[in-house]
Amino acid sequence: MKFDPLKYEYPSKRNVIYGKRGMVCTSQNLAAEAGLDILKKGGNAIDAAIATAICLTVVEPMCNTIGSDSFALVWVKDEMHGLNASGPAPMLASADKIKNMGYDEMPFYGMTPLTVPGTVSSWITLSERFGKLPFEDLFEPAIRYAEEGFPVSPVTAHVWKECFDNFSKVFKDEEYRGWFEMFAPSGRAPRPGELWKSKDMAETLRIIAKTKGKAFYQGELADKISDFCEKHGGFLRKEDLAGYKAEWVEPIKVNYKGYDIWELPPNGHGIVALMTLNILNKFEFNTRDCADTYHKQLEAMKLAYSDGKRYIADPRFMKVSVQQLLSEEYADERRKLIGYEALTPEPGKPDRGGTVYLCTADEEGNMVSFIQSCYWNFGSGIVIPGTGICMQNRGANFSLDEKSENCIAPGKKSYHTIIPSFMTKDGRAIGPFGVMGTYMQPQGHVQVVMNTVDFNLNPQEALDAPRWQWVEDKEIWVERGFPYAATEELVRRGHQVKVAADSLDFGRGQVIWRLENGIYVGATEPRGDGCVAAW
């Protein structure tokens, strides 16, 4: 049977969840339920997405924080809108200054990789343009969980402990003391089922709600962020925060075998998924679990990623355009490089001219694909005293090579790894989807799309299926459930295959499709603590 998500009834052993009036899918059940409550109170999909995102900063604090960045694709009245809420480098930052501090490359932790957090602005901007409920109402579940506490879920506890064990060894300076006071008040990470809370975070969320974010970018919270950064030798200042606002951008897409796949343009790397699908578009795939299918997927991904790592940057600094990278002519050129054996990828030469994901839907047909991240787990490790704000370390993605389009500079945005996605057909929404996990994200998007379109899997099957991940050169990782025969053949073709021990290395995702009759069908990852909340 040829895939048609608008009509398909999903006869399968893999359960999916159906809903009529609305749906929220994300990686933590309390956050999903918070979003669903907003729908039941009369909010729309945009309100639900904001409330879920705010709640996630509390219940999954290792993956996203108040000091994060965000991106969103928003489907309203049969039109797609894109929001880029990634913040720039501070105006005091420069490659020369950082090199003079003794660094050969950008550090991951501490004050140096801090950039302006964009996520609070994303909540404000989405609410102002598309929301129905008062902005303050969207904060109520998160404030309650922060103030009263919530039971930590298993995957969250696992990652939290890994971070605590690592940070205990490396975080020795005074600037990191706030992290241990907030996230390890008992001298250890919380265990599964234990309550964790933060009065400081609750109060900060209350202030953001009452001031509609003004306190975060121009008021008392901005002062505290700026003062702490200056005290400990950081570059970020109140002026950087005051000048920031999330940007509406034009989404980009490619047509893959009749289905439009949408991403946001650079500085994010959603274009890597689109370039990969462009390369794969003219291949026929009849069997999913065979070496030839995996080989072509991997080779296409390697080619696209090598281009992405070379050319993606703040769009004001890119020397190659999105149109050039997504042209059919360039895809044809790259496709010709795929042969029987694994290749070591190199960027082509087109003509020059830790993260949370959620998706929501409402009974009016509005849908949101939203992603929010502090980049590395717990970001920079910097917690602003008395606020509960853990700052992201997105600046770690910058280069210190002045010849690179992605070299750090004042007011410049870095190459960004978080990407929401969306599928439509003939101008009609099929729905939002995403897979979180830094450099796994475009790879997860491609696999979910192909599992759906080429291999006729329902949303839960599309997420459950064993994944591969290209790492570098000819090295690939596969999950434990990956077909053994295919693994052996990939080795014969020159791939260096490692069976990874931890499924969290392969991302965590969610999907919502809307059927022709208006019913929603949703799915969430078995690799995390995910939940589909339906109404």
- Query: What do you reckon, is CD of Glu328 surrounded by more than 12 foreign heavy atoms closer than 6.0 Å?
  - Reply: no

- Task: Check the pair Phe433, Ser369 against side-chain contact (heavy atoms from CB on, under 4.5 Å), reporting the backbone distance first and the verdict last.
- Result: CA-CA 6 Å; Phe433 68 97; Ser369 184; over 6 Å; no

- Task: Decide, yes or no, whether a salt bridge links Arg493 with Asp292 under the criterion of side-chain N to carboxylate O below 4.0 Å.
- Result: yes

- Heavy atoms of other groups near Tyr484 OH, more than 12 under 6.0 Å: no

- Query: Does one side chain, of Glu461 or Asn451, offer a donor that lies under 3.5 Å from an acceptor on the other?
  - Reply: no

- Message: Would Lys412 and Phe317 count as a cation-pi pair here, with the cationic atom under 6.0 angstrom from the ring centre and within 45° of the axis?
- Response: yes

- Query: Looking at Arg335 and Asp332, does any basic side-chain N land under 4.0 Å from a carboxylate oxygen?
  - Reply: yes

- With ring centroids as reference points, do Tyr439 and Trp477 lie under 6.0 angstrom apart? no

- Do Glu489 and His295 come within less than 4.5 Å of each other through their side chains, counting heavy atoms only? no

- Message: Could you tell me if Thr417 and Arg394 have a donor-acceptor pair between their side chains, going purely by distance under 3.5 Å?
- Response: yes

- Query: Does the side chain of Ser306 come under 3.5 Å of the side chain of Glu346 through a donor N or O and an acceptor N or O?
  - Reply: no

- Heavy-atom check, side chain of Gln460 versus side chain of Pro526, under 4.5 Å: yes

- Query: Between Ser68 and Pro117, is any pair of side-chain heavy atoms under 4.5 Å apart?
  - Reply: no

- Task: Take Asp307 and Tyr330 through the test side chain to side chain donor-acceptor pair (under 3.5 Å) and record every step on the way to the result.
- Result: CA-CA 11 Å; Asp307 281 338; Tyr330 188 57; 2.7 Å; yes

- Query: Taking the six-membered ring for Trp, are Phe108 and Trp376 parallel (under 30°), tilted (30 to 60°) or perpendicular (over 60°)?
  - Reply: tilted

- Tell me, do Leu83 and Glu247 make a side-chain contact under 4.5 Å, heavy atoms counted? no

- Residues Asn397 and His416: side-chain donor-acceptor under 3.5 angstrom: no

- Message: Less than 6.0 angstrom separating the ring centers of His269 and Tyr305, yes or no?
- Response: yes

- Query: With a 4.5 Å limit on heavy-atom distance, are the side chains of Thr115 and Met391 in contact?
  - Reply: no

- Message: Just to verify, which of Ile430, Val453, Val449, Val446 counts as forming a side chain to side chain contact (heavy atoms under 4.5 Å, CB included) with Ile261?
- Response: Val449

- Taking atom types as modelled and ignoring hydrogens, do the side chains of Ser399 and Asp401 form a donor-acceptor contact shorter than 3.5 angstrom? no

- Ring centre gap for Phe482 and Tyr294 strictly below 6.0 Å: yes

- Task: Starting from the C-alpha separation in whole Å, work towards a yes-or-no answer on side chain to side chain donor-acceptor pair (under 3.5 Å) for Asn267 and Ser86.
- Result: CA-CA 9 Å; Asn267 56 317; Ser86 63; 3.3 Å; yes

- Message: Check whether Trp248 forms a cation-pi arrangement with Arg129 (NZ or CZ under 6.0 Å from the six-membered ring centre, at most 45° off the ring normal).
- Response: yes

- Message: Ignoring hydrogens and geometry beyond distance, is a side-chain donor-acceptor pair present between Glu341 and His495 at under 3.5 Å?
- Response: no

- Quick one: which of Arg310, Lys413, Lys309 gives a salt bridge (charged side-chain N to carboxylate O under 4.0 Å, His left out) with Glu405? Arg310

- Item | Glu105 CD: over 12 foreign heavy atoms closer than 6.0 Å | no

- Query: Is any side-chain heavy atom of Met80 closer than 4.5 Å to a side-chain heavy atom of Trp262?
  - Reply: yes

- Query: Would one find more than 12 heavy atoms of other residues, nucleotides or ligands at under 6.0 Å from atom CG of Asn100?
  - Reply: yes

- Note on the structure: Interatomic distance, OG1@Thr119 vs CD1@Ile371, rounded to 0.5 Å, equals 11.0 Å

